[in-house]
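Report on the structure given below.
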Amino acid sequence: MPVRTTARSGIRRATNTTATGLRTTAVAVLVAAALVSCTQGQTDGGLRADPSAPSPTASQSADQAENADSVENADQAEQAAAEATEEPTAPAEPAPELVRDAFATLQATLGETCTPGAGDCAYFLGRVTQELTELDEAMRADPKGPGHFKQPLADMKVLFGKLGKDRSTPHLEKFFTEIVSTRDGINTWMQDHPDDYR
């Protein structure tokens, strides 16, 4: 009798141990399945523990937008650096007037004069001197060449040699006769060359 009781107890213990092992395995399998389900829910767009957490798609979009901004900023910086290294180009100087245009404004002074020392020569002599200077430049730049305007250019060269760089009214008044005679002589020459001013 004692032997049978011991055998039965051993069988019961073995059965209990097996059952306990099976339960433990079943619980472990269930826990693992739950973890897999949660992980898939977060990566596949399923239920998430934190609904405010950004989805992978939104996160990727944000990264792409940030990368695009970085590239654009780099391009702008590179362009700015290239522009900074370029040498600035000097503004082009205006081309001289046409001879006929320069002569037309000089002709407009033919009816004007002044009296040296009377205080009325500043505008007149300054204007005539300026008009002669611009006509000189126009004649030198004309396609016909300076040789075509040999006489008026020679007359203006003599006048400018006397005047020098001083364009003050008292200095110009000293050469009143030379300034007016140069203007009148060029007018006469141009009247004999109508193709140059019409």
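For clarity, every value in this text was computed on a predicted model and none was experimentally measured.
P116 meets the side-chain contact (heavy atoms from CB on, under 4.5 Å) test with C121, E173, F176; sequence neighbours excluded. With sequence neighbours left out, P143 forms a side-chain contact (heavy atoms from CB on, under 4.5 Å) with no residue at all. Every residue two or more places apart in sequence or in another chain that forms a side-chain contact (heavy atoms from CB on, under 4.5 Å) with D196 is listed here: K144, H148, F149, W189, M190, H193. Annotation: ring-ring contact (aromatic ring centres under 6.0 Å, His included) contacts of F175 (sequence neighbours excluded): H171. With sequence neighbours excluded, no residue forms a side chain to side chain donor-acceptor pair (under 3.5 Å) with E137. Legend: residues meeting side chain to side chain donor-acceptor pair (under 3.5 Å) with S168, ordered by chain and number and at least two apart, are D166. Under the side chain to side chain donor-acceptor pair (under 3.5 Å) criterion, E178 pairs with no residue, sequence neighbours left out. Evaluation of the side-chain contact (heavy atoms from CB on, under 4.5 Å) rule for S181 yields no partner, not counting sequence neighbours.
Within the 4.5 Å cutoff, no side-chain heavy atoms of F103 are placed close to those of L98. Using a 4.5 Å cut-off on side-chain heavy atoms (C-beta onward), P146 and M139 make no contact. At least one side-chain heavy atom of L163 sits under 4.5 Å from a side-chain heavy atom of L172. The side-chain heavy atoms of I186 and L132, taken from C-beta on, include a pair separated by under 4.5 Å.
Here the CD1 atom belonging to I179 is positioned 8.5 Å from the CZ atom belonging to F124, to the nearest 0.5 angstrom. For the atom pair OG1 of T182 and CG of D136, the computed distance is 11.5 Å after rounding to the nearest 0.5 Å.
For L135 against V99, the heavy-atom pair with the smallest separation is CD1-O, 3.9 Å.
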Using atom types as modelled, flag every donor-acceptor pair under 3.5 Å from a side chain in residues 154-162 to any protein atom, sequence neighbours excluded.
from	atom 1	to	atom 2	distance (Å)
D155	OD1	Q151	NE2	2.9
D155	OD2	Q151	NE2	3.4

Please list every donor-acceptor pair under 3.5 Å in which a side-chain atom of residues 104-114 meets a protein atom from a residue at least two apart or in another chain.
from	atom 1	to	atom 2	distance (Å)
T105	OG1	A102	O	2.9
T105	OG1	E131	OE1	2.6
T109	OG1	L106	O	2.7
E112	OE2	R127	NH1	3.3

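Counting only residues at least two apart or in different chains, salt bridge (charged side-chain N to carboxylate O under 4.0 Å, His left out) contacts with residues 98-107 are absent. Every pair tested for disulfide (SG to SG under 2.5 Å) that includes a residue from residues 131-198 fails, sequence neighbours excluded, so the list is empty.
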